[in-house]
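In what follows, a single structure is set out as structure tokens and then discussed.
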Protein chains: 2
Amino acid sequence: MARKSLVGVVADELLDRIISGEFPPGSSVPGELELSARHDVSRMTVREAMKTLEAQRILSVERGRGTFVNPLNRWSSLEAVLRAASEGQNGPAAAVQLIELRRMLETGACELAAQRITDTELDSLRDCVADMRKAHHGNDVVSFVAADLAFHDQILQASENVFVAVLFEPLHRVLEQGRTETSKVPDIQEHAIGHHQKIYEALAARDPQQARNAMDAHMQQTLSDLRSYVLEA
Amino acid sequence: MARKSLVGVVADELLDRIISGEFPPGSSVPGELELSARHDVSRMTVREAMKTLEAQRILSVERGRGTFVNPLNRWSSLEAVLRAASEGQNGPAAAVQLIELRRMLETGACELAAQRITDTELDSLRDCVADMRKAHHGNDVVSFVAADLAFHDQILQASENVFVAVLFEPLHRVLEQGRTETSKVPDIQEHAIGHHQKIYEALAARDPQQARNAMDAHMQQTLSDLRSYVLEA
DNA sequence: AAACGACAGATGTCTGACATCTGACAAACT
DNA sequence: AGTTTGTCAGATGTCAGACATCTGTCGTTT
């Protein structure tokens, strides 16, 4: 079961203690010796755990002084920030903020893609929509989600902006599960197909503004889907 | 002078070798023993360097098999991706893509901020613009840039979206230097003041669409400033 | 031909030691 | 008194060597 390395466990536990507020930003975390005693591991293991948190800018290690917690806005790990932001009753608020972020990136990428997309990529998009239709009629949720993701991935790639793709990747992972849930509802599937179709048409027309608006409508729909899904839960 | 730790040096060198194409995505990097011999450091030092790269999803370590390079789109470090994307003659293209990304985030944040900004935050924005004017008349480039950055930071904060702030932070660092350069030109300063004024007015009116457009105009201006700056260099 | 076992090579972890940096306090010097 | 300097505790940085455990491979056995 526990397939994680000791380093990962220690890093996770330490991050949990940080997120729980035990070590607020600016304060110092216990020394390596103390942590190695607490978790019953060697000092090297603690050091490697610290290094992973330091690489994510969650901790700042200062030689001779100690190790300190950085303020949240310095963290470079979306996942860690998500964990921190979802603490307590902030889960729904964090989810909304994630969708807002996704909206910015996807609408922006879509606008760029309209100016740069190739015919081959357009064909690929058309195929994705066709796959979504087929999966919809066949009640194949897994294939539906796969085609949905492929569609958005293709647009990201067509935007020819590496950085957008990089920033979007962690979002991809985080939003994946929720997507599968909402995609189970047939009505939502139909909505999605319609929106994707319109996005495709706008891209085929190579009209940046229209592409942006089409994607924006899709995102708004997703947000409202999420709201109703979260409310009933 | 060399104030970096050995771990940092090893990690940097290894990342350089990866970026240079010596270890393409999917391939394996040399084993810990080989690297420790090459860099004349202990195995622990190499391991900690690897851990920093692994935490940034640049490497995937698989026990018993080896350590492998992830494809670029899996990397989670904007800075590392920037280094990779700027290789060779791709520097200008990467810079343009960065601005595109910044445009997405800032226009999006500005749109959100228009719906959520407080009177206190509006006052702060007004002060920033005033500071920019003062610095402009006094030929104080440093103060000008500081007020400029404070203005954008304030909007980010008013958007009340933690994730946008997190994603933007590395951009902040990367774009800082270039900003100081372009801000030296008086004409560009005047343009910036005008744009900031309009952004402020749109936010004060709490009009999301207008705020978005005002920020977008500012970003377009910045992009064209960059183009002319890059072209002449 | 399939199953098993030995083996090489890779990462995971531990132990203990020494080096070096920082901050603080006390002794020594002006 | 005020400043400098020395020393020390505590923190991180690095090293060396050892053993554990996982993976893929290659013979050997059945």
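Note on naming: letters A, B, ... go to the chains in the order of the sequence lines (proteins, then strands), and numbering restarts at 1 for each one.
Among residue pairs with one or both ends in residues 150-182 of chain B, those qualifying as ring-ring contact (aromatic ring centres under 6.0 Å, His included) are B:F151-B:H196, B:H152-B:H196, B:H152-B:H218, B:F168-B:H172; sequence neighbours excluded.
Within the 4.5 Å cutoff, the side chain of A:E48 has heavy atoms near those of the B:M44 side chain.
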Could you run through nucleotides 9-18 of chain C and give me one letter per nucleotide, 5' to 3': B if any protein heavy atom sits under 4.0 Å from the base, S if only the sugar-phosphate is that close, - if neither? BBBBBBB-B-

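Ionic pairing of B:E169 and A:R57 is not present here: no N-O contact between side-chain nitrogen and carboxylate oxygen is shorter than 4.0 angstrom. By the 4.0 Å N-to-carboxylate-O rule, A:K134 lies too far from A:D140 to be salt-bridged with it.
For B:E160, the salt bridge (charged side-chain N to carboxylate O under 4.0 Å, His left out) criterion is met by no residue, not counting sequence neighbours.
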